[in-house]
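Below: the structure, in C-alpha cells.
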Amino acid sequence: MSASLKITAYIDHFIYRNAENGYGVADLIFTGNGDRPEDPVCSDLLQDDSFTAVGTLRGCDEGDTIEAVGDIVVHAVYGPQFRIESFRVLTPADAVAMERYLASGAIKGIGEKMAHRIVRAFGDDTFRIMEEEPERLAELKGISERMAREIGARMKEKHDQRELSLFLQQYGIGGQLAVRVVKRYGESTRRILQENPYRLAEEIEGVGFRTADEIAQRMGIHPDAEFRVSSGILYALTQGAAEGHSYLPFETLFDRTAELLRLPGDPETRELMDSRLRNLTVRHKTVIKGNCVYAERFFYEEQAIAGMLRELDFREEKPIVSEADIDEVERELEVSLDEKQREAVKESLSGGVMILTGGPGTGKTTTMGAILRLLEKKRRSFVLAAPTGRAAKRMTEATGFEARTIHRLLEVASAGKDETDGDGTGMRRAWFNRNEDNPLEADAVIIDEMSMVDMHLFHALLKACVRGVHLILIGDAAQLPSVGAGQILRDLIDSGRFPVIALTQIFRQAAQSDIVTGAHQIHAGIVPAMDNKSRDFFFLPRDRADTIIAHLILLIRDKLPGYVNASPGDIQVLVPMRRGPLGAETLNRVLQQALNPPDGSRAEWEQGDRIWRVGDKVMQTRNDYSAVWEIRGKNGIVIDHGEGIFNGDLGTIVSIDRVSQEIVVQFDENRLVCVPFSGMEDMDLAYAMTIHKSQGSEYPAVLLPLLGGPRLLLNRNLLYTAVTRARSCVVVLGSRETVEEMVANEDEMKRYTGLKERILECP
C-alpha cells in the first residue's frame with residue numbers, strides 16, 4: 001500500500017456503481033495534475049495515463065473531472081487500483097474540458113457531435129451560457145427552444161448536485177455519511193444543516209452526537225446554543241434507550257449531557273438544561289414524570305402497554321377448564337403434571353393474560369404442550385411466536401406446531417414511515433400490517449422467551465390482540481432482559497396485577513443434566529461443581545488469554561464436534577464483553593482465521609479492518625425492515641419470501657459477488673438475503689458473541705472463556721444466561737476465581753423503566 005496521494009483525473013466511464021450506497025468502480029484518465037504515483041509495486045497502474053479507481057463516488061458522473069485523495073492498493077484478483085478516500089468535483093475550466101464533459105453523456109440529450117457543436121459555438125463561455133442563458137442553445141441547428149430549456153434544467157440540476165457535494169465536504173461530510181445525509185434530506189440538505197446540524201444525530205441512524213457536534217463547531221455554533229443543548233439532552237436519552245432504559249433520572253441525564261457537551265457541572269449549566277428541557281417538553285419531545293425524564297415516544301408506549309393490558313386482562317365468569325379436562329390431557333400426552341403445571345393449564349383459559357415462568361428443566365415445554373392440547377380439545381385457535389428465528393425454531397420442535405418470530409407473526413412492513421421524523425430518538429421503528437385495524441385472528445396468542453421482548457415489540461404485539469384473546473407469556477425471569485429498551489417480563493411479574501405461575505420443581509430427567517443442575521445452583525448463589533466429573537459441564541483452569549484461545553480452537557475444531565454430534569459451526573463461544581483480549585471482536589478475528597482460513601477457493605471481500613469470506617458465520621446487529629429474504633426449494637424455485645432481518649439473526653455467507661457488490665447470507669429458517677456491501681456495516685462475525693446476543697438461542701455446546709473483567713458485567717445473571725444456552729455441553733475456560741465472583745455478584749446493571757408504575761396507575 002502506498003502513501004496518501006492527491007491526483008486530478010477525468011472519469012472516462014463507470015465499470016460499476018451502486019445507486020443505493022454510492023460505491024463505484026471507474027476507469028479514470030490522469031490529467032497531469034497532482035501527484036503522479038511512482039509506487040514500484042504498481043508501476044503499471046497508470047498505463048497509458050488511465051487507471052481503475054474504487055470508492056464512494058456519489059455526486060459525480062462520467063465526464064466529470066475530480067481531484068481525489070487516496071492510495072494505491074493491489075487487489076488479489078483485479079491488480080493495482082487507486083482507492084479513493086475523498087474527492088471533489090472540479091468545474092471544467094476550458095473549452096476542451098467542457099466538450100469532454102458534455103460528450104460523456106452526463107447531460108441527457110447531448111452526445112459527442114452536439115457537444116462539439118455547442119463548444120465550438122460558445123467556447124470557454126459554454127457552461128455559463130447553458131446555466132444562465134440556455135435559450136441561446138436554440139441558435140444552433142437541431143436544437144429547439146423546448147430542448148434548450150430542458151438542457152438548461154438538467155445542467156442546473158447537475159450544478160446543484162455538485163454544489164451540495166462541495167458544501168458537505170466543506171464541513172467534513174463525505175463518503176458513506178454524505179450518502180446517508182443526501183438520501184435522507186435530498187434538496188433540503190443545505191438548509192437543514194445550516195439551521196440545525198444536530199438533526200443528523202437525532203434523525204440519521206448510525207450518526208453520533210460527536211460527529212454532528214464537530215460539524216456544528218465548523219459552522220461556528222456557540223457551545224450553549226439552544227439546539228446544541230436540546231440535541232445533547234435527546235441524544236443522552238437515546239443512548240440510555242440503547243442501554244435498555246426507558247427513561248433517565250434527571251441527575252443522571254444532567255451528568256451525561258454535561259459530559260457529552262463538555263460543559264461544567266455547575267448551577268449555571270443546570271439552569272440552562274432546565275430551560276432547554278422545559279422547552280423540549282412543550283415541543284412534545286420529552287415527558288417529565290416526577291424525577292424521570294422520558295423521550296416522549298417511550299413514555300406514551302409504556303402508558304399504552306399498561307392500558308392495553310388492562311383491556312386484555314378479563315376473567316371468565318365460569319371455569320372453562322375442569323380437573324377432568326386436565327386428566328384427559330395427561331392421558332393423551334402420556335405425561336404427569338405437577339400441581340403448578342396443572343394450575344398453569346387451568347389458568348391458560350381462565351383469563352386474558354397469564355405468565356408462565358421457570359428455569360431450565362422445570363417443565364415449561366411440557367406445560368406449553370399441555371396447554372396447546374387443551375386449546376385443541378376446546379376448539380380454540382392459537383398462534384405461537386418467539387422473538388428470534390432460533391427461539392421460534394426451538395418452539396416448533398418442542399411443540400410440533402408452527403411457531404414464527406413475532407415480527408413475522410405481526411407481518412413487519414418495510415414501507416412504514418421513518419420514525420426519526422420528529423420523535424427525537426434517532427431510531428427507526430418497525431411498522432406492522434397486523435395492528436388494531438387488522439388484528440391477529442386467534443383465540444390464544446402464546447409467546448415464548450418473553451425475557452427477550454423489548455418495549456416496542458411488546459407494544460406492537462398488544463396492538464394486534466383484541467379483547468377476549470388469551471395472551472400466554474412464557475419465559476425465564478432470571479435471564480438477562482431484552483437488548484432493546486425495557487424489562488417487560490420482570491415488570492409484568494413485579495406489578496402483581498397478572499396471574500404468574502412459577503415452575504420450580506426440577507424433573508428427574510432434567511436433574512440428570514449437570515447443565516440444568518449447575519444453572520439452578522448459579523441462580524441460587526451456589527458455585528457449581530468444577531471437578532470435571534460431569535459428562536456435560538466442564539471447567540478448564542487457564543490463566544492466559546493466548547492459552548485459552550488455543551484451547552478454544554482445539555475444542556471447536558477437533559474435540560467437541562464428535563462429542564456433541566454437531567459441526568464446528570454449531571458450537572458457540574459466548575463472552576461477557578465485546579472488547580478486550582477475550583472479547584468478541586478479538587476472538588472473531590482469531591477464530592475466523594482458524595476455522596475458515598483463506599484458501600483461494602472461497603471468495604472474500606475486505607471492508608476496512610474486516611474480511612468477509614464465504615463460509616463465515618455472521619450475525620445481523622441492527623434491524624433492517626426493508627431487507628428482502630427468500631426461501632428456495634428444489635432447483636432454486638422460491639417457495640416463500642418476506643421482508644426484514646433483525647438484530648441477533650444468525651447466518652452463514654454463501655456467496656460474494658464483487659461485480660454486483662452483494663453478499664448472499666443464509667439466515668435461520670433457510671432465508672436467503674442479498675446484502676449490499678454497504679449493509680455489511682450492520683453485520684458482525686459470529687464465531688464468538690456476547691452473552692446478551694445469545695438470548696433465545698440454544699447450541700449443542702457452549703464455550704465460556706472467563707478471565708476477569710468489570711464487576712458490573714461479571715454477574716450471576718450473565719453466567720446463568722450463558723450456561724442455559726447449552727443443550728449438551730458447557731465448557732468454562734479460565735479463572736475459577738472469576739466464576740466464583742460472578743456467582744457471588746448479584747448486582748445487575750439497573751434498568752430505569754416505568755412500566756410497573758404505569759400498570760399500577762391503571763384502575
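- For the residue pair A385 and M395, the shortest heavy atom distance occurs at O-SD, 3.5 Å.
- Annotation: salt bridge (Lys or Arg N to Asp or Glu O under 4.0 Å) contacts involving residues 352-376, sequence neighbours excluded, comprise E332-R373, R373-E376.
- Counting only residues at least two apart or on different chains, the salt bridge (Lys or Arg N to Asp or Glu O under 4.0 Å) pairs with a member in residues 235-252 are E243-R256, E251-R270.
- For R315, the CZ atom counts as densely surrounded, since its 6.0 Å shell holds more than 12 non-hydrogen atoms of other residues, nucleotides or ligands.
- For R490, the side chain to side chain donor-acceptor pair (under 3.5 Å) partners at least two apart in sequence or on another chain are E748.
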Show me, pair by pair, the donor-acceptor contacts under 3.5 angstrom made by side chains of residues 755-763, not counting sequence neighbours?
residue: R758; atom: NE; partner: E761; partner atom: OE1; Å: 3.1
residue: R758; atom: NH1; partner: Y294; partner atom: OH; Å: 3.0
residue: R758; atom: NH1; partner: G754; partner atom: O; Å: 3.4
residue: R758; atom: NH2; partner: E761; partner atom: OE2; Å: 3.0

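- Residues passing the side chain to side chain donor-acceptor pair (under 3.5 Å) test with Q341 are T367, sequence neighbours excluded.
- Sorted by first and then second residue, the salt bridge (Lys or Arg N to Asp or Glu O under 4.0 Å) pairs involving residues 491-501 (not counting sequence neighbours) form an empty list.
- In summary, the aromatic rings of H245 and F298 are positioned with their centroids too far apart to meet the 6.0 Å limit.
- Listed by first then second residue, pairs satisfying ring-ring contact (aromatic ring centres under 6.0 Å, His included) with a partner in residues 321-364 number zero, not counting sequence neighbours.
- Applying the ring pair (Phe, Tyr, Trp, His ring centres under 6.0 Å) criterion to F458, with sequence neighbours excluded, gives no partner residue.
- The side chain to side chain donor-acceptor pair (under 3.5 Å) search around D448 returns none, not counting sequence neighbours.
- With sequence neighbours excluded, no residue satisfies ring pair (Phe, Tyr, Trp, His ring centres under 6.0 Å) with H692.
- The list of ring-ring contact (aromatic ring centres under 6.0 Å, His included) pairs with a residue in residues 371-395, not counting sequence neighbours, reads F382-F401.
- Salt bridge annotation for E681-R622: absent, with no cationic side-chain nitrogen under 4.0 angstrom from a carboxylate oxygen.
- Ionic pairing of K378 and D325 is present here: one or more N-O contacts between side-chain nitrogen and carboxylate oxygen are shorter than 4.0 angstrom.
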Evaluation steps, side-chain hydrogen bond (donor to acceptor under 3.5 Å, both in side chains), between Q666 and N670: CA-CA 6 Å; Q666 182 171 305; N670 296 317; 3.2 Å; yes
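- We find that D649 and K693 are not joined by a salt bridge, their nearest charged nitrogen and carboxylate oxygen being 4.0 Å or further apart.
- Checked against the 6.0 Å centroid criterion, the rings of Y198 and F209 qualify as a close aromatic pair.
- Listed by first and then second residue, the ring-ring contact (aromatic ring centres under 6.0 Å, His included) pairs involving residues 305-335 are F314-H470 (not counting sequence neighbours).
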